[in-house]
Amino acid sequence: GPHENYLLDRGFHWGEWLRPGENDMDYVVLKVLLKIFGSSPVVATAYFAYSSKLLSSIAQELNFSDEECYYRTLSENVRKAWRAAFVQKGGKRIGEDKQDDYVRAIAFDLLSKSERQEAITRLAELVREAGDHLGTGFLSTAMLLPVLADNGHAELAYRILMQTSMPSWLYQVERGATTTWDTWDGGYDSTGKGRHSHNHYALGSAMSWLQEGIAGMTPISPGYRRIRFAPHIGGGLTFAKAALETPHGLARSAWRIEGDEVVFEVCVPSGTTAQVHTP
């Protein structure tokens, strides 16, 4: 119907590349099937909505009013089409019902308020069904921990972070990794030889949450001129700290648990302002 022109359902794209348990052969089969039947548009259309929204914001900053209006309207139309095509049961079912479907929907603000809450609940259910493991690939892993933590599930985000069994970051560490692998299992074959890159940071990009979520230090204006300090304390940690040399000087966030109290210290660079949210 009226939404058809806004759905990206033509051609091949990799989509949520390399979810846990997916391998090269899965994608060879997928590529053949997509050439025959067409590409699933749930991922691409979500990015279409998000990218056009970003372009609208960029045009607004540059005072290009016509372009700002064009891309804002385009984003709104794509968002409506995406919801009409892929959101079912008021947000309880999105796309293929994979973790990444809900992560993208929440992170890109594609849902209504009621749908958003249902999607958060379903995402948490999927993580728990996976034994508190992630189920995301290249595109949405970076967004998984902040989406959970910022929507009432910080302890679940910590449980994912602290996992040592595959798929997890600490699984790689315990296997001796000093860099982040291309795949969750390292692509090892039966002889123990790796078949993929062992220095590929796409899956490690989620570690920005160590600074912005655990230490709680996030820019709220360009160049850290305004900074938000809001740590998520938990996960069995007794302390955390992070420091960053901003264009204005050193910014630092540190907290530690002492008995039944939390000591929270921040350093705000000269000439900047900060919001401090106590846990």
Side-chain angles (χ1 to χ4, degrees), residues 50 57 91 99 102-128 132-134 136 140-164 168-170 173 204-279:
Y50 183 60
S57 298
Q99 289 183 24
Y102 299 90
V103 170
R104 258 187 307 277
I106 297 163
F108 292 173
D109 194 24
L110 298 177
L111 303 169
S112 68
K113 186 176 181 179
S114 61
E115 291 168 345
R116 181 183 179 90
Q117 189 54 53
E118 293 289 357
I120 292 165
T121 299
R122 180 57 181 155
L123 172 60
E125 289 176 352
L126 288 171
V127 172
R128 295 189 183 101
D132 294 342
H133 285 78
L134 53 82
T136 50
S140 61
T141 291
M143 300 180 286
L144 174 63
L145 299 181
V147 161
L148 286 169
D150 295 343
N151 290 279
H153 293 282
E155 284 301 313
L156 188 56
Y158 267 116
R159 290 200 293 274
I160 294 172
L161 180 67
M162 298 299 182
Q163 288 289 352
T164 57
S168 70
W169 297 281
L170 293 183
V173 172
S205 56
M207 293 303 99
S208 61
W209 192 68
L210 298 182
Q211 173 195 309
E212 298 188 352
I214 297 177
M217 183 167 56
T218 309
I220 51 177
S221 67
Y224 285 83
R225 187 169 292 279
R226 296 176 63 232
I227 308 171
R228 183 173 185 261
F229 294 94
H232 292 287
I233 295 172
L237 301 180
T238 58
F239 75 95
K241 58 183 178 180
L244 179 70
E245 191 66 44
T246 77
H248 312 286
L250 184 71
R252 188 172 66 89
S253 175
W255 59 262
R256 63 185 183 274
I257 297 175
E258 294 184 354
D260 58 357
E261 293 185 341
V262 174
V263 179
F264 183 29
E265 301 172 348
V266 301
C267 176
V268 183
S270 178
T272 69
T273 58
Q275 297 176 1
V276 179
H277 299 261
T278 55

For [X], which residues count as a ring pair (Phe, Tyr, Trp, His ring centres under 6.0 Å) partner, sequence neighbours excluded?
{"X": "Tyr50", "value": "Phe108"}
{"X": "Tyr158", "value": "Trp209"}
{"X": "Trp169", "value": "Trp184"}

[X] and [Y]: which non-hydrogen atoms are nearest, and at how many Å?
{"X": "Pro269", "Y": "Cys267", "result": "CD-O, 3.8 Å"}
{"X": "Ala149", "Y": "His232", "result": "O-CE1, 3.3 Å"}
{"X": "His153", "Y": "Ala124", "result": "CE1-CB, 3.7 Å"}
{"X": "Ala215", "Y": "Ser253", "result": "O-OG, 2.6 Å"}

Taking atom [atom1] of [X] and atom [atom2] of [Y], what is their separation to the nearest 0.5 Å?
{"X": "Leu156", "Y": "Leu148", "atom1": "CG", "atom2": "CG", "answer": "5.0 Å"}
{"X": "Phe264", "Y": "Ile257", "atom1": "CZ", "atom2": "CD1", "answer": "13.0 Å"}
{"X": "Ser168", "Y": "Leu134", "atom1": "OG", "atom2": "CG", "answer": "7.5 Å"}
{"X": "Ile106", "Y": "Arg122", "atom1": "CD1", "atom2": "CZ", "answer": "12.0 Å"}
{"X": "Glu265", "Y": "Trp255", "atom1": "CD", "atom2": "CH2", "answer": "13.0 Å"}
{"X": "Gln211", "Y": "Met217", "atom1": "CD", "atom2": "CE", "answer": "4.5 Å"}

Using a 3.5 Å distance criterion without hydrogens, assess whether the side chain of [X] forms a donor-acceptor pair with backbone atoms of [Y].
{"X": "Ser140", "Y": "Arg104", "answer": "no"}
{"X": "Glu115", "Y": "Ser112", "answer": "yes"}
{"X": "Ser221", "Y": "Arg226", "answer": "yes"}
{"X": "Glu155", "Y": "Gly234", "answer": "no"}
{"X": "Gln99", "Y": "His133", "answer": "yes"}

Contact check, side chains of [X] and [Y], non-hydrogen atoms, under 4.5 Å:
{"X": "Val268", "Y": "Phe229", "result": "yes"}
{"X": "Leu123", "Y": "Leu144", "result": "yes"}
{"X": "Leu161", "Y": "Ile214", "result": "yes"}
{"X": "Glu212", "Y": "Pro219", "result": "yes"}

Suppose we screen for side chain to side chain contact (heavy atoms under 4.5 Å, CB included). Which residues come up paired with Ser208, at least two apart in sequence or across chains?
none

Please list, one pair per line, the donor and acceptor atoms closer than 3.5 Å that link side chains of residues 238-246 to other protein atoms, with sequence neighbours excluded.
{"from": "Thr246", "atom 1": "OG1", "to": "His248", "atom 2": "N", "distance (Å)": "3.0"}
{"from": "Thr246", "atom 1": "OG1", "to": "Gly249", "atom 2": "N", "distance (Å)": "3.2"}
{"from": "Thr246", "atom 1": "OG1", "to": "Gly249", "atom 2": "O", "distance (Å)": "2.7"}

Does CD in Glu258 sit with more than 12 non-hydrogen atoms of other residues, nucleotides or ligands closer than 6.0 Å?
yes

Arg128 vs Glu125, salt bridge (charged side-chain N to carboxylate O under 4.0 Å, His left out): CA-CA, chis, key distance, verdict:
CA-CA 5 Å; Arg128 295 189 183 101; Glu125 289 176 352; over 6 Å; no

The salt bridge (charged side-chain N to carboxylate O under 4.0 Å, His left out) partners of Asp150 (sequence neighbours excluded) come to none

Please step through side chain to side chain contact (heavy atoms under 4.5 Å, CB included) for the pair Arg116 and Asn151, ending with a clear verdict.
CA-CA 10 Å; Arg116 181 183 179 90; Asn151 290 279; 3.3 Å; yes

Under the side chain to side chain contact (heavy atoms under 4.5 Å, CB included) rule, what do Leu237 and Met162 come out as? Steps first, then yes or no, please.
CA-CA 10 Å; Leu237 301 180; Met162 298 299 182; 3.5 Å; yes

